[in-house]
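Everything below concerns the one structure shown next.
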Amino acid sequence: MHTLTYLTLDKDVRQVRQTDVDAFAARISGGVLSAADGGYEDARKVWNGTVDRHPALIARCLNDGDIQAAVRFAGAHRMLVSVRGGGHHIAGNAVAEGGLMIDLSGMRTVAIDPANRTARVGPGALLADFDRAAQAHGLATPLGINSTTGVAGLTLGGGFGWLTRRYGMTIDNLLAATVVTADGEVRVASAASEPDLFWALRGGGGNFGVVTSFEFRLHPVGPEIYAGLVVYPFAQARQVLRAWRDFTADASDELSVWSVLRKAPPLPFLPASAHGTEVVVLAVAHSGDVAAGQRAAAPVLQFGEPVGSALGPTPYAAFQGAFDPLLAPGGRNYWKSHNFSTLTDSALEVVIEAAGRLPGPECEIFVAQLGAAMARVNPSATAYVGRDARYVMNVHGRWSDPRDDDRVRSWARQVFQNAAPHATGSGYVNFLTEDEAERVAASYGINYPRLQTAKRRFDPQNLFRMNLNIAPAAQAVRRGAVQAER
Ligand SMILES: Cc1cc2nc3c(=O)[nH]c(=O)nc-3n(C[C@H](O)[C@H](O)[C@H](O)COP(=O)(O)OP(=O)(O)OC[C@H]3O[C@@H](n4cnc5c(N)ncnc54)[C@H](O)[C@@H]3O)c2cc1C
(Lines give C-alpha, C1' and ligand atoms only; values in the text may rest on other atoms or scores of the structure.)
Protein backbone atom coordinates (compact mmCIF):
# COMPACT_ATOMS: atom_id res chain seq x y z
CA MET A 1 0.00 0.00 0.00
CA HIS A 2 1.39 3.41 -0.98
CA THR A 3 1.56 5.96 1.83
CA LEU A 4 2.76 9.50 2.37
CA THR A 5 4.83 10.33 5.45
CA TYR A 6 3.96 13.50 7.35
CA LEU A 7 4.43 15.23 10.69
CA THR A 8 1.55 15.58 13.13
CA LEU A 9 0.72 18.64 15.18
CA ASP A 10 2.94 17.17 17.90
CA LYS A 11 5.72 16.55 15.32
CA ASP A 12 5.28 12.75 15.43
CA VAL A 13 5.96 10.93 12.17
CA ARG A 14 2.88 9.27 10.64
CA GLN A 15 1.64 7.88 7.35
CA VAL A 16 -1.48 8.61 5.38
CA ARG A 17 -2.69 6.32 2.57
CA GLN A 18 -1.93 7.68 -0.88
CA THR A 19 -5.54 6.97 -1.86
CA ASP A 20 -6.66 9.38 0.88
CA VAL A 21 -4.20 11.98 -0.40
CA ASP A 22 -5.48 11.48 -3.96
CA ALA A 23 -9.09 11.88 -2.83
CA PHE A 24 -8.11 15.09 -1.01
CA ALA A 25 -6.17 16.38 -4.03
CA ALA A 26 -9.21 15.82 -6.24
CA ARG A 27 -11.16 18.29 -4.07
CA ILE A 28 -8.63 21.15 -4.32
CA SER A 29 -9.23 23.30 -7.41
CA GLY A 30 -5.60 24.35 -7.85
CA GLY A 31 -4.28 20.85 -7.13
CA VAL A 32 -2.03 19.46 -4.41
CA LEU A 33 1.74 19.27 -4.78
CA SER A 34 4.16 16.90 -3.11
CA ALA A 35 7.96 16.83 -3.38
CA ALA A 36 8.04 14.92 -6.68
CA ASP A 37 5.73 17.37 -8.49
CA GLY A 38 6.81 20.15 -10.81
CA GLY A 39 6.19 23.55 -9.22
CA TYR A 40 6.81 22.21 -5.70
CA GLU A 41 10.21 23.89 -5.33
CA ASP A 42 8.83 27.31 -6.24
CA ALA A 43 5.67 26.88 -4.19
CA ARG A 44 7.56 26.14 -0.96
CA LYS A 45 9.70 29.30 -1.19
CA VAL A 46 8.87 32.37 0.85
CA TRP A 47 10.33 35.88 1.06
CA ASN A 48 12.96 35.09 3.69
CA GLY A 49 15.71 33.01 2.04
CA THR A 50 16.72 31.41 5.36
CA VAL A 51 13.41 29.50 5.37
CA ASP A 52 14.06 26.18 3.66
CA ARG A 53 11.24 23.85 4.66
CA HIS A 54 9.67 20.94 2.82
CA PRO A 55 5.93 20.49 3.35
CA ALA A 56 4.59 16.98 2.76
CA LEU A 57 1.75 18.57 0.77
CA ILE A 58 0.96 21.98 -0.67
CA ALA A 59 -2.76 22.58 -1.27
CA ARG A 60 -3.22 25.30 -3.90
CA CYS A 61 -6.58 26.66 -2.83
CA LEU A 62 -8.69 28.82 -5.11
CA ASN A 63 -11.94 29.19 -3.18
CA ASP A 64 -13.60 28.83 0.23
CA GLY A 65 -14.55 25.20 -0.43
CA ASP A 66 -10.91 24.30 -1.12
CA ILE A 67 -9.87 25.92 2.14
CA GLN A 68 -12.57 24.07 4.07
CA ALA A 69 -11.41 20.77 2.55
CA ALA A 70 -7.80 21.51 3.47
CA VAL A 71 -8.62 22.48 7.06
CA ARG A 72 -10.77 19.35 7.49
CA PHE A 73 -8.07 17.11 5.99
CA ALA A 74 -5.43 18.55 8.33
CA GLY A 75 -7.77 18.22 11.31
CA ALA A 76 -8.75 14.63 10.50
CA HIS A 77 -5.10 13.53 10.29
CA ARG A 78 -3.81 15.86 13.01
CA MET A 79 -1.41 17.04 10.32
CA LEU A 80 0.83 20.01 11.04
CA VAL A 81 -0.70 22.79 8.97
CA SER A 82 0.45 26.22 7.87
CA VAL A 83 -1.22 29.04 5.99
CA ARG A 84 0.55 31.01 3.27
CA GLY A 85 -0.78 34.43 2.27
CA GLY A 86 1.91 36.60 0.68
CA GLY A 87 4.72 34.52 2.21
CA HIS A 88 6.46 37.55 3.69
CA HIS A 89 6.58 36.85 7.39
CA ILE A 90 10.17 36.81 8.58
CA ALA A 91 9.55 33.74 10.80
CA GLY A 92 8.58 31.56 7.83
CA ASN A 93 5.54 30.10 9.57
CA ALA A 94 3.79 30.00 6.21
CA VAL A 95 5.67 26.76 5.49
CA ALA A 96 5.06 23.64 7.60
CA GLU A 97 8.04 21.29 7.52
CA GLY A 98 6.60 17.81 6.88
CA GLY A 99 3.02 19.10 7.08
CA LEU A 100 0.29 20.62 4.92
CA MET A 101 0.78 24.11 3.54
CA ILE A 102 -2.49 25.83 2.66
CA ASP A 103 -1.31 28.01 -0.20
CA LEU A 104 -3.58 31.00 -0.84
CA SER A 105 -1.31 32.71 -3.36
CA GLY A 106 -3.75 31.93 -6.18
CA MET A 107 -6.54 33.95 -4.50
CA ARG A 108 -5.48 37.50 -5.42
CA THR A 109 -8.77 39.04 -6.49
CA VAL A 110 -9.46 42.62 -5.37
CA ALA A 111 -12.97 44.01 -5.96
CA ILE A 112 -13.51 47.73 -5.33
CA ASP A 113 -16.91 49.27 -4.64
CA PRO A 114 -16.17 52.96 -5.36
CA ALA A 115 -19.65 54.15 -4.40
CA ASN A 116 -19.46 52.69 -0.90
CA ARG A 117 -15.67 53.08 -0.68
CA THR A 118 -15.07 49.48 0.27
CA ALA A 119 -12.81 46.71 -1.02
CA ARG A 120 -13.18 42.94 -0.94
CA VAL A 121 -9.72 41.39 -1.03
CA GLY A 122 -8.61 37.79 -1.54
CA PRO A 123 -6.24 36.18 1.00
CA GLY A 124 -3.39 35.82 -1.50
CA ALA A 125 -3.48 39.45 -2.66
CA LEU A 126 -0.28 41.47 -2.34
CA LEU A 127 -0.27 45.12 -1.31
CA ALA A 128 0.47 46.05 -4.94
CA ASP A 129 -2.70 44.25 -6.10
CA PHE A 130 -4.80 46.12 -3.56
CA ASP A 131 -3.24 49.55 -4.12
CA ARG A 132 -3.43 49.23 -7.91
CA ALA A 133 -7.14 48.36 -7.86
CA ALA A 134 -8.08 50.97 -5.24
CA GLN A 135 -5.98 53.75 -6.79
CA ALA A 136 -7.82 53.31 -10.08
CA HIS A 137 -10.64 55.04 -8.15
CA GLY A 138 -8.37 57.42 -6.20
CA LEU A 139 -8.86 55.33 -3.06
CA ALA A 140 -6.63 53.47 -0.58
CA THR A 141 -6.49 52.05 2.92
CA PRO A 142 -3.45 51.97 5.22
CA LEU A 143 -1.10 49.11 4.25
CA GLY A 144 2.64 48.46 4.64
CA ILE A 145 5.54 50.03 2.77
CA ASN A 146 6.71 47.11 0.62
CA SER A 147 4.36 46.28 -2.19
CA THR A 148 5.13 42.55 -2.38
CA THR A 149 3.88 41.97 1.20
CA GLY A 150 0.68 39.94 1.58
CA VAL A 151 -2.49 41.76 2.63
CA ALA A 152 -3.55 38.76 4.75
CA GLY A 153 -0.63 38.41 7.15
CA LEU A 154 -0.15 42.18 7.34
CA THR A 155 -3.79 42.72 8.30
CA LEU A 156 -4.00 39.86 10.79
CA GLY A 157 -0.96 41.16 12.69
CA GLY A 158 -2.16 44.80 12.66
CA GLY A 159 -0.64 46.58 9.66
CA PHE A 160 0.86 50.04 9.44
CA GLY A 161 2.38 52.24 6.77
CA TRP A 162 2.33 55.72 5.27
CA LEU A 163 -1.42 56.28 5.86
CA THR A 164 -1.55 54.98 9.43
CA ARG A 165 -1.13 58.31 11.19
CA ARG A 166 -4.09 59.64 9.21
CA TYR A 167 -6.43 56.66 8.92
CA GLY A 168 -5.24 54.21 11.58
CA MET A 169 -3.87 50.72 11.23
CA THR A 170 -4.97 48.30 8.54
CA ILE A 171 -7.14 46.54 11.14
CA ASP A 172 -8.84 49.83 12.02
CA ASN A 173 -10.18 49.79 8.46
CA LEU A 174 -11.23 46.15 8.41
CA LEU A 175 -15.01 45.89 8.17
CA ALA A 176 -15.42 42.13 7.96
CA ALA A 177 -13.55 38.90 7.31
CA THR A 178 -14.79 35.53 6.12
CA VAL A 179 -13.02 32.77 8.01
CA VAL A 180 -12.77 28.97 7.92
CA THR A 181 -12.30 28.01 11.55
CA ALA A 182 -10.61 24.85 12.84
CA ASP A 183 -13.92 22.92 12.72
CA GLY A 184 -14.07 23.53 8.95
CA GLU A 185 -17.05 25.90 9.21
CA VAL A 186 -17.23 29.23 7.35
CA ARG A 187 -17.96 32.21 9.60
CA VAL A 188 -18.34 35.87 8.82
CA ALA A 189 -16.71 38.07 11.45
CA SER A 190 -17.63 41.74 11.75
CA ALA A 191 -18.81 44.16 14.42
CA ALA A 192 -22.31 42.69 14.02
CA SER A 193 -21.50 39.01 13.50
CA GLU A 194 -19.10 36.93 15.64
CA PRO A 195 -17.73 40.05 17.38
CA ASP A 196 -15.28 38.06 19.54
CA LEU A 197 -13.74 36.49 16.46
CA PHE A 198 -13.66 39.88 14.74
CA TRP A 199 -11.88 41.38 17.75
CA ALA A 200 -9.32 38.55 17.84
CA LEU A 201 -8.59 38.66 14.12
CA ARG A 202 -7.59 42.31 14.35
CA GLY A 203 -4.05 41.70 15.57
CA GLY A 204 -4.23 38.07 16.71
CA GLY A 205 -2.47 36.79 13.59
CA GLY A 206 -3.35 33.46 12.00
CA ASN A 207 -4.41 31.91 15.31
CA PHE A 208 -8.16 31.74 14.75
CA GLY A 209 -8.73 30.26 11.32
CA VAL A 210 -8.03 30.80 7.66
CA VAL A 211 -9.37 34.08 6.34
CA THR A 212 -10.81 33.57 2.88
CA SER A 213 -11.64 37.22 2.19
CA PHE A 214 -11.29 40.62 3.80
CA GLU A 215 -13.56 43.65 3.48
CA PHE A 216 -11.95 47.05 4.02
CA ARG A 217 -13.03 50.68 4.25
CA LEU A 218 -11.29 52.95 1.71
CA HIS A 219 -10.35 56.62 1.77
CA PRO A 220 -9.60 59.16 -0.94
CA VAL A 221 -5.80 59.26 -1.37
CA GLY A 222 -3.72 60.79 -4.18
CA PRO A 223 -3.38 59.62 -6.85
CA GLU A 224 -0.40 61.96 -6.32
CA ILE A 225 1.02 62.63 -2.89
CA TYR A 226 4.03 64.69 -1.80
CA ALA A 227 6.71 62.14 -1.00
CA GLY A 228 10.33 61.16 -1.36
CA LEU A 229 13.68 60.87 0.37
CA VAL A 230 16.10 63.23 2.06
CA VAL A 231 19.55 61.74 2.65
CA TYR A 232 22.04 63.02 5.23
CA PRO A 233 25.65 61.95 5.78
CA PHE A 234 26.20 59.69 8.79
CA ALA A 235 28.49 62.29 10.37
CA GLN A 236 25.36 64.40 10.98
CA ALA A 237 23.31 61.49 12.38
CA ARG A 238 23.00 62.81 15.94
CA GLN A 239 21.84 66.29 14.94
CA VAL A 240 19.53 64.97 12.20
CA LEU A 241 17.88 62.26 14.28
CA ARG A 242 17.26 64.60 17.21
CA ALA A 243 15.73 67.20 14.89
CA TRP A 244 13.65 64.46 13.22
CA ARG A 245 12.43 63.18 16.59
CA ASP A 246 11.43 66.70 17.75
CA PHE A 247 9.78 67.53 14.42
CA THR A 248 7.79 64.29 14.27
CA ALA A 249 6.43 64.83 17.78
CA ASP A 250 4.19 67.63 16.44
CA ALA A 251 3.65 66.54 12.84
CA SER A 252 0.17 66.60 11.31
CA ASP A 253 -1.77 63.36 10.79
CA GLU A 254 -1.16 63.61 7.04
CA LEU A 255 2.62 63.58 7.38
CA SER A 256 4.82 60.55 8.13
CA VAL A 257 8.61 60.69 8.21
CA TRP A 258 10.47 57.44 8.82
CA SER A 259 14.21 57.20 9.32
CA VAL A 260 16.50 54.54 7.89
CA LEU A 261 20.18 54.18 8.74
CA ARG A 262 22.12 52.12 6.22
CA LYS A 263 24.81 52.24 3.56
CA ALA A 264 23.60 54.39 0.68
CA PRO A 265 22.35 52.48 -2.34
CA PRO A 266 23.36 53.95 -5.73
CA LEU A 267 20.34 56.23 -5.94
CA PRO A 268 20.46 58.53 -8.99
CA PHE A 269 20.07 61.71 -6.93
CA LEU A 270 23.10 60.93 -4.73
CA PRO A 271 26.67 61.79 -5.77
CA ALA A 272 28.70 58.68 -6.62
CA SER A 273 31.03 59.49 -3.71
CA ALA A 274 28.15 58.87 -1.28
CA HIS A 275 27.26 55.42 -2.65
CA GLY A 276 28.11 52.69 -0.16
CA THR A 277 28.75 55.13 2.71
CA GLU A 278 26.63 55.18 5.88
CA VAL A 279 23.75 57.64 5.64
CA VAL A 280 20.56 58.66 7.41
CA VAL A 281 17.63 58.46 5.01
CA LEU A 282 14.42 60.28 5.93
CA ALA A 283 11.48 58.90 3.97
CA VAL A 284 8.65 61.40 3.71
CA ALA A 285 5.02 60.78 2.75
CA HIS A 286 2.25 63.40 3.01
CA SER A 287 -1.12 61.96 2.07
CA GLY A 288 -3.05 65.24 1.83
CA ASP A 289 -2.96 68.11 -0.64
CA VAL A 290 0.36 68.16 -2.53
CA ALA A 291 1.10 71.88 -1.97
CA ALA A 292 0.32 71.52 1.74
CA GLY A 293 2.63 68.49 1.79
CA GLN A 294 5.47 70.50 0.34
CA ARG A 295 5.05 73.16 3.02
CA ALA A 296 4.69 70.62 5.83
CA ALA A 297 7.76 68.62 4.79
CA ALA A 298 10.05 71.61 4.08
CA PRO A 299 11.76 71.50 7.53
CA VAL A 300 12.94 67.92 6.84
CA LEU A 301 15.45 69.44 4.38
CA GLN A 302 16.86 71.62 7.12
CA PHE A 303 17.89 69.13 9.80
CA GLY A 304 21.50 69.36 8.53
CA GLU A 305 23.16 69.51 5.12
CA PRO A 306 21.65 66.79 2.95
CA VAL A 307 23.91 64.85 0.65
CA GLY A 308 20.95 64.57 -1.71
CA SER A 309 17.17 64.63 -1.84
CA ALA A 310 14.33 63.66 -4.13
CA LEU A 311 11.05 65.10 -2.88
CA GLY A 312 8.03 66.01 -4.96
CA PRO A 313 4.61 65.00 -6.25
CA THR A 314 4.68 61.20 -6.61
CA PRO A 315 1.98 58.66 -7.52
CA TYR A 316 0.91 57.08 -4.24
CA ALA A 317 0.98 53.58 -5.75
CA ALA A 318 4.55 54.16 -6.97
CA PHE A 319 5.72 55.33 -3.54
CA GLN A 320 4.19 52.16 -2.07
CA GLY A 321 6.84 50.29 -4.07
CA ALA A 322 9.71 52.73 -3.46
CA PHE A 323 11.50 50.36 -1.09
CA ASP A 324 10.88 47.19 -3.10
CA PRO A 325 14.36 47.07 -4.68
CA LEU A 326 15.96 46.98 -1.21
CA LEU A 327 13.56 44.30 0.04
CA ALA A 328 13.51 41.85 -2.83
CA PRO A 329 12.53 38.25 -2.02
CA GLY A 330 15.12 35.52 -1.57
CA GLY A 331 17.70 37.35 0.59
CA ARG A 332 18.63 35.97 4.00
CA ASN A 333 16.94 37.97 6.75
CA TYR A 334 16.91 38.19 10.52
CA TRP A 335 15.05 41.01 12.23
CA LYS A 336 14.73 42.35 15.75
CA SER A 337 12.16 44.93 16.67
CA HIS A 338 11.13 47.20 19.55
CA ASN A 339 8.25 49.59 20.20
CA PHE A 340 8.98 53.01 21.69
CA SER A 341 6.54 55.48 23.23
CA THR A 342 9.23 58.19 23.12
CA LEU A 343 12.70 58.29 21.60
CA THR A 344 15.14 59.60 24.16
CA ASP A 345 18.60 60.87 23.24
CA SER A 346 19.98 57.66 24.77
CA ALA A 347 17.77 55.51 22.51
CA LEU A 348 19.00 57.47 19.49
CA GLU A 349 22.61 56.90 20.61
CA VAL A 350 21.97 53.13 20.53
CA VAL A 351 20.71 53.39 16.97
CA ILE A 352 23.63 55.58 15.87
CA GLU A 353 26.23 53.33 17.51
CA ALA A 354 24.72 50.25 15.83
CA ALA A 355 24.55 51.93 12.43
CA GLY A 356 28.24 52.72 12.77
CA ARG A 357 29.03 49.01 12.65
CA LEU A 358 26.59 47.65 10.08
CA PRO A 359 27.60 44.06 9.30
CA GLY A 360 26.81 44.33 5.60
CA PRO A 361 25.66 46.59 2.76
CA GLU A 362 22.04 45.41 2.95
CA CYS A 363 21.62 45.74 6.73
CA GLU A 364 19.69 48.69 8.07
CA ILE A 365 17.87 50.12 11.05
CA PHE A 366 14.40 51.38 10.27
CA VAL A 367 12.44 53.59 12.66
CA ALA A 368 8.80 54.08 11.69
CA GLN A 369 6.94 57.13 13.00
CA LEU A 370 3.44 56.12 14.11
CA GLY A 371 1.01 57.66 16.61
CA ALA A 372 -1.80 60.10 15.64
CA ALA A 373 -4.90 58.16 14.43
CA MET A 374 -3.36 54.83 15.42
CA ALA A 375 -2.87 56.03 19.00
CA ARG A 376 -6.44 57.32 19.33
CA VAL A 377 -7.87 53.79 19.37
CA ASN A 378 -8.36 52.19 22.77
CA PRO A 379 -5.72 49.42 23.27
CA SER A 380 -8.50 46.96 24.14
CA ALA A 381 -10.67 47.79 21.12
CA THR A 382 -8.75 45.32 18.95
CA ALA A 383 -6.38 42.45 19.73
CA TYR A 384 -3.45 44.65 18.64
CA VAL A 385 -2.54 46.38 21.88
CA GLY A 386 0.52 48.55 21.16
CA ARG A 387 -1.31 51.80 20.51
CA ASP A 388 1.34 53.66 22.51
CA ALA A 389 4.04 52.73 19.98
CA ARG A 390 4.84 56.18 18.58
CA TYR A 391 7.95 54.73 16.98
CA VAL A 392 8.74 51.17 15.94
CA MET A 393 12.36 50.22 15.36
CA ASN A 394 13.15 47.30 13.11
CA VAL A 395 16.72 46.09 12.93
CA HIS A 396 16.96 44.51 9.50
CA GLY A 397 19.78 41.99 9.35
CA ARG A 398 19.95 41.14 5.66
CA TRP A 399 22.69 39.28 3.78
CA SER A 400 23.23 36.66 1.08
CA ASP A 401 26.08 34.32 2.13
CA PRO A 402 25.07 31.64 4.68
CA ARG A 403 28.55 31.95 6.18
CA ASP A 404 27.44 35.36 7.49
CA ASP A 405 24.41 33.94 9.33
CA ASP A 406 25.89 34.11 12.83
CA ARG A 407 27.68 37.43 12.37
CA VAL A 408 24.60 39.31 11.15
CA ARG A 409 22.22 37.68 13.62
CA SER A 410 24.45 38.56 16.56
CA TRP A 411 24.65 42.18 15.42
CA ALA A 412 20.83 42.37 15.28
CA ARG A 413 20.49 40.71 18.69
CA GLN A 414 23.04 43.05 20.23
CA VAL A 415 21.25 46.15 18.92
CA PHE A 416 17.98 44.76 20.26
CA GLN A 417 19.51 44.19 23.70
CA ASN A 418 21.12 47.63 23.83
CA ALA A 419 17.83 49.30 22.89
CA ALA A 420 15.68 47.27 25.31
CA PRO A 421 15.97 49.63 28.31
CA HIS A 422 14.47 52.44 26.20
CA ALA A 423 11.59 50.44 24.66
CA THR A 424 8.05 49.74 25.90
CA GLY A 425 8.61 45.96 26.22
CA SER A 426 5.71 45.30 23.89
CA GLY A 427 6.27 44.08 20.33
CA TYR A 428 4.67 43.72 16.91
CA VAL A 429 3.94 40.10 16.03
CA ASN A 430 4.40 40.81 12.33
CA PHE A 431 8.06 41.57 13.00
CA LEU A 432 8.89 38.73 15.43
CA THR A 433 11.30 36.02 14.34
CA GLU A 434 10.77 32.29 14.86
CA ASP A 435 12.97 32.29 17.98
CA GLU A 436 10.82 34.90 19.74
CA ALA A 437 7.85 32.80 20.86
CA GLU A 438 8.46 34.02 24.41
CA ARG A 439 7.67 37.61 23.31
CA VAL A 440 4.15 36.78 22.12
CA ALA A 441 2.35 37.16 25.47
CA ALA A 442 4.17 40.45 26.21
CA SER A 443 3.35 41.69 22.73
CA TYR A 444 -0.36 41.30 23.44
CA GLY A 445 -0.11 42.60 27.04
CA ILE A 446 -3.52 43.15 28.66
CA ASN A 447 -5.27 41.59 25.65
CA TYR A 448 -3.55 38.20 25.97
CA PRO A 449 -6.07 36.52 28.34
CA ARG A 450 -8.98 37.50 26.07
CA LEU A 451 -7.07 36.15 23.08
CA GLN A 452 -6.49 32.86 24.91
CA THR A 453 -10.22 32.62 25.58
CA ALA A 454 -11.01 33.25 21.92
CA LYS A 455 -8.38 30.67 20.93
CA ARG A 456 -10.03 28.08 23.17
CA ARG A 457 -13.39 28.81 21.59
CA PHE A 458 -12.35 28.83 17.92
CA ASP A 459 -9.31 26.51 17.91
CA PRO A 460 -9.25 24.43 21.11
CA GLN A 461 -6.82 21.84 19.67
CA ASN A 462 -4.47 24.57 18.49
CA LEU A 463 -4.66 23.34 14.90
CA PHE A 464 -3.39 26.74 13.79
CA ARG A 465 -0.08 26.72 15.63
CA MET A 466 2.28 27.66 12.80
CA ASN A 467 2.20 31.34 13.80
CA LEU A 468 3.21 33.51 16.72
CA ASN A 469 1.15 31.18 18.78
CA ILE A 470 -1.47 32.01 21.38
CA ALA A 471 -2.03 29.05 23.70
CA PRO A 472 -5.74 28.16 24.13
CA ALA A 473 -6.94 29.20 27.58
CA ALA A 474 -7.72 25.57 28.54
CA GLN A 475 -4.02 24.70 28.39
CA ALA A 476 -3.14 27.68 30.53
CA VAL A 477 -5.85 26.68 33.04
CA ARG A 478 -4.57 23.07 33.12
CA ARG A 479 -1.06 24.28 33.82
CA GLY A 480 -2.41 26.46 36.62
CA ALA A 481 -4.36 23.50 38.01
CA VAL A 482 -1.23 21.32 38.09
CA GLN A 483 0.60 24.02 39.98
CA ALA A 484 -2.30 24.34 42.43
CA GLU A 485 -2.29 20.55 43.05
CA ARG A 486 1.40 20.56 43.97
C1 LIG B 1 10.01 43.38 3.40
C2 LIG B 1 8.91 43.49 4.41
C3 LIG B 1 8.34 44.71 4.67
C4 LIG B 1 7.32 44.82 5.62
N5 LIG B 1 6.77 46.05 5.86
C6 LIG B 1 5.75 46.14 6.75
C7 LIG B 1 5.10 47.38 6.97
O8 LIG B 1 5.44 48.40 6.39
N9 LIG B 1 4.09 47.42 7.85
C10 LIG B 1 3.66 46.32 8.51
O11 LIG B 1 2.72 46.42 9.29
N12 LIG B 1 4.26 45.12 8.33
C13 LIG B 1 5.29 45.02 7.47
N14 LIG B 1 5.90 43.81 7.27
C15 LIG B 1 5.51 42.67 8.09
C16 LIG B 1 4.33 41.98 7.45
O17 LIG B 1 3.16 42.62 7.86
C18 LIG B 1 4.29 40.51 7.89
O19 LIG B 1 5.43 39.87 7.42
C20 LIG B 1 3.03 39.82 7.40
O21 LIG B 1 2.82 38.68 8.18
C22 LIG B 1 3.16 39.41 5.96
O23 LIG B 1 1.98 38.83 5.50
P24 LIG B 1 2.03 37.72 4.36
O25 LIG B 1 0.65 37.32 4.08
O26 LIG B 1 2.86 38.22 3.23
O27 LIG B 1 2.89 36.60 5.07
P28 LIG B 1 2.74 35.03 5.28
O29 LIG B 1 4.12 34.61 5.65
O30 LIG B 1 2.10 34.38 4.13
O31 LIG B 1 1.78 34.93 6.49
C32 LIG B 1 2.20 35.24 7.79
C33 LIG B 1 1.34 34.48 8.75
O34 LIG B 1 0.04 35.03 8.72
C35 LIG B 1 -0.91 33.99 8.81
N36 LIG B 1 -1.77 34.05 7.62
C37 LIG B 1 -1.45 34.48 6.39
N38 LIG B 1 -2.54 34.47 5.61
C39 LIG B 1 -3.56 34.03 6.36
C40 LIG B 1 -4.95 33.83 6.14
N41 LIG B 1 -5.52 34.08 4.99
N42 LIG B 1 -5.69 33.36 7.16
C43 LIG B 1 -5.14 33.11 8.36
N44 LIG B 1 -3.84 33.28 8.63
C45 LIG B 1 -3.06 33.75 7.64
C46 LIG B 1 -0.17 32.71 8.97
O47 LIG B 1 -0.04 32.41 10.34
C48 LIG B 1 1.18 33.01 8.41
O49 LIG B 1 2.21 32.25 8.99
C50 LIG B 1 6.90 43.67 6.32
C51 LIG B 1 7.49 42.44 6.05
C52 LIG B 1 8.48 42.35 5.11
C53 LIG B 1 9.15 41.03 4.88
Side-chain angles (χ1 to χ4, degrees), residues 45-49 51 53 61 64 67 70-71 81-96 101-105 107-108 121-128 142-164 169-171 177-182 189 200-201 203-214 256 258 283 285 320-331 333-335 337 362 364 366 368 370 374 384 386 389 392 394 396 398 428-434 458-459 463-470:
K45 282 192 192 127
V46 287
W47 180 81
N48 186 356
V51 179
R53 301 196 190 131
C61 297
D64 290 20
I67 296 171
V71 168
V81 61
S82 66
V83 182
R84 185 202 197 277
H88 253 239
H89 200 293
I90 187 84
N93 283 321
V95 197
M101 174 167 138
I102 298 180
D103 180 3
L104 306 172
S105 60
M107 298 177 70
R108 286 172 67 170
V121 181
L126 307 183
L127 307 196
L143 298 171
I145 60 131
N146 172 217
S147 79
T148 59
T149 308
V151 174
L154 177 113
T155 303
L156 293 168
F160 54 72
W162 302 122
L163 302 180
T164 293
M169 300 183 77
T170 311
I171 48 171
T178 306
V179 191
V180 174
T181 41
L201 289 174
N207 272 284
F208 302 96
V210 185
V211 177
T212 69
S213 86
F214 298 86
S256 296
W258 294 16
Q320 282 289 84
F323 287 90
D324 289 2
L326 300 177
L327 298 167
N333 289 272
Y334 184 80
W335 291 2
S337 172
E362 295 182 83
E364 61 189 18
F366 231 92
L370 299 171
M374 168 175 167
Y384 177 88
V392 173
N394 207 349
H396 286 183
R398 189 173 158 86
Y428 178 37
V429 290
N430 269 346
F431 288 166
L432 298 190
T433 47
E434 62 177 338
F458 296 107
D459 185 15
L463 180 67
F464 301 111
R465 62 182 67 187
M466 289 288 305
N467 43 45
L468 277 305
N469 198 232
I470 294 164

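Counting starts at 1 for both ligands and their atoms, following the listed order.
Not one N or O of L327 is nearer than 3.5 Å to an N or O of ligand 1, by distance alone. Between Y428 and ligand 1, an N or O atom pair is found at a separation short of 3.5 Å. Backbone and side-chain nitrogen or oxygen atoms of G85 are examined, and one is located within less than 3.5 angstrom of a nitrogen or oxygen of ligand 1. Checked by distance only, ligand 1 and T149 stay at 3.5 Å or farther apart across all their nitrogen or oxygen atoms. Considering backbone and side-chain N/O of V211, one or more are found under 3.5 Å from N/O of ligand 1. For a threshold of 3.5 Å applied to N or O pairs, the pair formed by G161 and ligand 1 contains no separation below that value. Residue H88 has at least one N or O atom closer than 3.5 Å to an N or O atom of ligand 1.
At a 4.0 Å heavy-atom cut-off, ligand 1 touches L156 through the side chain alone.
Close contacts between ligand 1 and N146 involve ligand atoms 1 (C), 2 (C), 3 (C) [criterion: under 4.0 Å to a heavy atom]. Close approach of ligand 1 to W47 is summarised as follows: ligand atoms under 4.0 Å from at least one heavy atom of the residue are 1 (C), 53 (C). Residue R84 has at least one heavy-atom neighbour below 4.0 Å for each of these atoms of ligand 1: 30 (O).
Among T178, I67, D64, the single residue meeting the side-chain contact (heavy atoms from CB on, under 4.5 Å) criterion with V210 is I67.
Contact between G159 and ligand 1 is present, with at least one heavy atom of the residue lying under 4.0 Å from the ligand.
Under the 30°/60° scheme for interplanar angles, the aromatic rings of H396 and W335 are found to lie parallel.
Per-atom contact check: atom 33 (C) of ligand 1 does not touch the protein, criterion being a heavy-atom distance below 4.0 Å.
Side chains of F214 and L201 form no contact here, defined as non-hydrogen atoms less than 4.5 Å apart.
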